[in-house]
Amino acid sequence: MKLYDTLEKKERLFKPLYDKTVKLYACGPTVYFYAHIGNMRTYISIDVLKRTLIHDKYKVKHVMNITDVGHNIGDGDVGEDKIKEEAKKEHRTAEEIIKFYTDSFMNDLKKLNIIKPDIISRASSNVEDMLKLIEILDEKGYLYRTNTGVYFDTSKVNEYGTLSGSSFEKLNKELKAGARVERPEGLKNITDFAVWRFSKPEEKEMVWDTKFGRGFPGWHIECSTMVMKFLGEQIDIHCGGADHISIHHSNEIAQSEAATGKKFVKYWFHGAFLIVDGKKMSKSLRNVYTIEDLEKKKFMPLSFRYLVLTVHYRNILNFTLDVLKSADDSLKALYVFISKTSAVKDGTGIDEEFIRVINSKRDEFFEKAYDDINIPIAITKMYEFINIVKKKALTKNEADYVIKIMLDFDEILGLDFNMHLNSEIPKEASKLIEEREIIRKARDFEKADRIREEIKKKYKIILEDTPEGTVWYKSSELY
Ligand code: AMP
Ligand code: ZN
């Protein structure tokens with residue numbers, strides 16, 4: 001397998017630190033509001049990476065944090081903590097906000113078929129470990145104190161900022177000259193960041209009394225600590241959205257490597273942004289969508305997943321409702337293909353030449369998937385595969401073989417192909433659907449509608465007619 005590494009800025013052969021086990025960390029959400037589809041794009045990309053690794057027979061240990069403290073509005077160590085601010089706005093406690101939006105996020109993961117990380121841990125449950133890491137950094141002389149907190153001196157590390165293709169000198173010069181980023185007073189360098197922030201006297205929730213003072217951890221120290229606690233001082237892959245490259249992940253590298261003296265991460269994996277109608281997604285532009293918003297517009301969450309799969313994870317995805325609609329159509333057509341192919345029940349024997357041709361398309365699919373997770377091209381290989389299959393009158397043995405390959409593709413795609421196998425519904429329902437198809441082709445729409453109602457009532461199966469044929473859903477699948 002090959003993987004692009006943001007640090008080295010090139011594709012490299014993937015070779016984990018230890019044999020067939022992959023230690024993977026993904027920065028989790030800041031749970032102060034609903035996750036939007038931009039956030040979810042990043043988690044889908046990470047999921048596809050993970051599924052590809054699993055398909056390549058790696059055992060993946062996946063850790064994700066939940067940022068429930070220390071992430072400030074503006075990311076500049078000034079301003080309020082995002083969660084405390086939202087709690088005030090909604091007249092709820094921080095704990096209520098955290099619980100509510102964490103549940104909502106977990107629900108989105110499920111709807112999008114994202115495999116749950118092996119460990120999900122809240123930042124606030126790991127403060128003691130963060131303090132231990134801060135202590136190490138303090139003993140090694142990397143920290144200093146101001147009126148607002150304890151800061152990491154970025155001038156003391158070699159190669160600060162390499163991840164974003166910059167350097168300590170360049171960044172400090174640029175940030176001084178450019179539009180001023182609001183930073184706390186008393187910093188030695190503009191790039192320095194808080195590992196511990198002092199709380200205000202009136203703050204009661206999410207504050208800790210420590211030898212460094214009463215307060216709460218900085219956002220970056222959370223991730224460094226949780227990486228080391230759950231995976232070790234060195235890991236294989238660290239994931240996040242592209243916005244994390246220049247500050248969050250650069251700071252994670254600085255403090256982790258300062259503490260251990262070892263290379264922190266072997267491969268940095270960053271997903272490009274999702275934008276809406278050519279613009280950044282933001283509340284003020286009223287173009288923020290959640291998965292629930294898409295469902296209200298009658299889109300399946302997996303149609304959004306399909307759309308994400310059609311754009312390479314390192315390219316910007318320009319979201320519009322029109323492109324989502326065409327993704328929705330394509331996914332339904334795939335479901336029709338799966339149910340029709342799995343319904344083939346006659347004929348035996350296998351045409352060896354046919355099998356050879358479709359096997360080569362299968363191999364091309366996985367070759368592309370293993371080449372820096374090039375899923376868009378892999379998907380075109382899947383369609384070439386399908387087009388070859390569609391031209392042939394399949395025997396049952398051949399149809400079974402085709403389905404086996406489609407399910408293999410789906411190990412990586414995660415589009416729930418298995419839910420659309422003909423065997424998933426009762427034989428009588430499948431027979432009725434077939435009969436209805438004939439009636440529909442004969443344009444007896446009234447009768448076709450009656451059968452549709454009957455199937456819905458009797459079997460709780462919903463039918464939808466599309467240009468490719470009739471797609472059915474078990475009602476448990478509908479959101
Ligand atoms: P946050 O909750 O802000 O920490 O973000 C959670 C994840 O979503 C991070 O990995 C971000 O980099 C990522 N992210 C935020 N906005 C977008 C976007 N518009 N497109 C893709 N990923 C995003
Ligand atoms: Zn992080």
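As the structure is a computational prediction, the values presented were derived from the model and not from experiment.
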(message) Between Arg450 and Glu453, does any NZ, NE, NH1 or NH2 come within less than 4.0 Å of an OD or OE carboxylate oxygen?
(response) no
(request) Using the salt bridge (charged side-chain N to carboxylate O under 4.0 Å, His left out) rule, take Lys111 and Glu295 through it: C-alpha gap first, then chi angles, then the decisive distance, then the call. (result) CA-CA 10 Å; Lys111 288 178 185 174; Glu295 287 174 278; 2.8 Å; yes
(message) Pairing donors with acceptors under 3.5 angstrom, does anything connect the side chains of Asn126 and Lys229?
(response) yes
(request) Taking Asp277 for its side chain and Lys279 for its backbone only, find out whether a donor-acceptor pair lies under 3.5 Å. (result) no
(message) Taking the basic N atoms (NZ, or NE/NH1/NH2) and the acidic carboxylate oxygens, is any pair closer than 4.0 Å for Glu95 and Arg122?
(response) yes
(request) Tell me, with the steps shown, if Met382 and Leu334 meet side-chain contact (heavy atoms from CB on, under 4.5 Å). (result) CA-CA 10 Å; Met382 177 174 76; Leu334 286 172; 3.9 Å; yes
(request) Please determine if Lys298 and Glu464 form a salt bridge, counting it only when a charged side-chain N lies under 4.0 Å from a carboxylate O. (result) no
(message) When you measure from the side chain of Asn374 to the backbone of Lys368, do you find a donor-acceptor pair of N or O atoms at a distance under 3.5 Å?
(response) no
(message) Taking Ala448's backbone N and O only, do any of them form a donor-acceptor pair with Arg436's side chain (distance below 3.5 Å, no angle check)?
(response) yes
(request) Indicate whether any N or O donor in one side chain lies under 3.5 Å from an N or O acceptor in the other, for Thr320 and Asn318. (result) no
(message) Check this for me: does any side-chain nitrogen of one of Glu428 and Lys458 sit under 4.0 Å from a carboxylate oxygen of the other?
(response) no
(request) Scan side-chain atoms only and decide if Asp293 and Thr290 contain a donor-acceptor pair under the 3.5 Å cut-off. (result) yes
(request) In plain terms, say whether Glu85 and Lys82 are close enough for a salt bridge, that is, a side-chain N and a carboxylate O under 4.0 Å apart. (result) no
(message) For a 4.5 angstrom cut-off between non-hydrogen side-chain atoms, does His62 reach Leu53?
(response) no
(request) Determine, for Arg440 against Asp465, whether the closest basic-nitrogen to carboxylate-oxygen distance falls under 4.0 angstrom. (result) yes
(request) Report yes or no: do Ser164 and Ser246 form a side-chain donor-acceptor pair below 3.5 Å? (result) no
(request) Taking the side chain as every heavy atom from C-beta outward, state whether Asp328 and Leu324 have any atom pair closer than 4.5 Å. (result) no
(request) Find the distance between CZ (Arg452) and CZ (Phe445) and round it off to the nearest 0.5 Å. (result) 10.5 Å
(request) Report yes if the distance between the aromatic ring centroids of Trp268 and His244 is under 6.0 Å, otherwise no. (result) no
(request) Would you mind checking if Glu292 and Lys296 are paired as a salt bridge, meaning a charged N to carboxylate O distance below 4.0 Å? (result) yes
(request) Start with the C-alpha gap between Ile44 and Ile114, add the side-chain angles, then the distance that decides, and say whether side-chain contact (heavy atoms from CB on, under 4.5 Å) holds. (result) CA-CA 7 Å; Ile44 293 170; Ile114 292 171; 3.9 Å; yes
(request) Determine whether the aromatic ring centres of Phe385 and Phe409 lie less than 6.0 Å apart. (result) yes
(message) For the CE atom of Met226 and the CD1 atom of Ile120, what is their distance to the nearest 0.5 Å?
(response) 10.0 Å
(request) Output the distance between atom CG (Leu3) and atom CG (Asp371), rounded to the nearest 0.5 Å. (result) 10.0 Å
(request) Indicate yes or no: at least one non-hydrogen side-chain atom of Val69 is less than 4.5 angstrom from one of Asp81. (result) yes
(message) Can a donor-acceptor pair be found, under 3.5 Å and without considering hydrogens, that links the side chain of Arg305 to the backbone of Leu413?
(response) yes
(message) For a quick check under 3.5 Å, do Asp68 and Ser124 share a side-chain donor-acceptor pair by atom type?
(response) yes
(request) Test the Lys84-Phe216 pair against the cation-pi criterion, namely NZ or CZ under 6.0 angstrom from the six-membered ring centroid and within 45° of the ring axis. (result) yes
(request) Without swapping roles, check the side chain of Ser104 against the backbone of Phe100 for a donor-acceptor pair under 3.5 Å. (result) no
(request) Please determine which of His248, Gln255, Glu252 meets the side chain to side chain donor-acceptor pair (under 3.5 Å) test together with His220. (result) His248
(request) Return yes if some donor-acceptor pair links the side-chain N/O of Thr395 with the main-chain N/O of Gly349 below 3.5 Å, else return no. (result) yes
(message) Regarding Asp322 and Lys325, does a basic nitrogen lie under 4.0 Å from an acidic carboxylate oxygen?
(response) no
(message) Salt bridge or not between Lys431 and Glu434? Use side-chain N to carboxylate O under 4.0 Å.
(response) no
(message) Atom NZ of residue position Lys297 - does it have more than 12 heavy atoms of other residues, nucleotides or ligands inside 6.0 Å?
(response) no
(request) With rounding to the nearest 0.5 Å, note down the distance linking CZ in Phe366 to CD1 in Ile412. (result) 5.0 Å
(request) Using modelled atom types only, decide if a donor and an acceptor are shared between the side chain of Gln234 and the backbone of Lys263 within a distance under 3.5 Å. (result) yes
(request) With rounding to the nearest 0.5 Å, note down the distance linking CG in Leu112 to CD1 in Ile291. (result) 4.5 Å
(message) Between Arg51 and Asp47 (salt bridge meaning N to carboxylate O under 4.0 Å), is one present in this structure?
(response) yes
(request) Look at the side chain of Asp236 and the backbone N and O of Lys266, then say whether any donor-acceptor pair between them is shorter than 3.5 Å. (result) no
(request) Taking only Lys NZ, Arg NE, NH1 and NH2, and the carboxylate oxygens of Asp or Glu, determine whether Lys396 and Asp400 approach each other closer than 4.0 Å. (result) yes
(request) Decide side-chain hydrogen bond (donor to acceptor under 3.5 Å, both in side chains) for Asn65 and Thr67; before the verdict, give the C-alpha distance in whole Å, the side-chain angles of both, and the deciding distance to 0.1 Å. (result) CA-CA 6 Å; Asn65 69 310; Thr67 299; 3.0 Å; yes
(message) Are Phe299 and Leu321 packed together at the side-chain level, in the sense that at least one heavy-atom pair is separated by less than 4.5 angstrom?
(response) yes
(request) Would you check if there is a donor-acceptor pair between the side chains of Asp416 and Tyr335 at a distance under 3.5 Å? (result) no
(request) Evaluate the side-chain contact (heavy atoms from CB on, under 4.5 Å) criterion for residues Phe33 and Glu86: first the C-alpha distance (whole Å), next the side-chain angles of each, then the deciding distance (0.1 Å), finally the verdict. (result) CA-CA 8 Å; Phe33 204 62; Glu86 187 64 26; 4.0 Å; yes
(message) Checking Phe105 against Tyr34 for the ring-ring contact (aromatic ring centres under 6.0 Å, His included) test, could you report, in this order, the C-alpha distance in whole Å, the side-chain angles of both residues, the deciding distance, and whether it holds?
(response) CA-CA 7 Å; Phe105 176 74; Tyr34 297 103; over 10 Å; no
(request) Measure the spacing between CD1 of Ile425 and CH2 of Trp472 and express it to the nearest 0.5 Å. (result) 4.5 Å
(message) Can you confirm if the aromatic rings of Tyr313 and His270 lie within a centre distance of less than 6.0 Å?
(response) no
(request) In sequence, state the C-alpha distance, the side-chain angles, and the governing distance for Val265 and Tyr25, and then conclude on side-chain contact (heavy atoms from CB on, under 4.5 Å). (result) CA-CA 10 Å; Val265 170; Tyr25 183 88; over 6 Å; no
(request) May I ask you to decide if Lys381's main-chain N or O and Glu364's side chain share a donor-acceptor pair within less than 3.5 Å? (result) no
(message) Donor-acceptor check, side chain of Thr162 to backbone of Gly165, threshold 3.5 angstrom: yes or no?
(response) no
(message) Quick check: do Cys27 and His238 have side-chain heavy atoms less than 4.5 Å from each other?
(response) yes
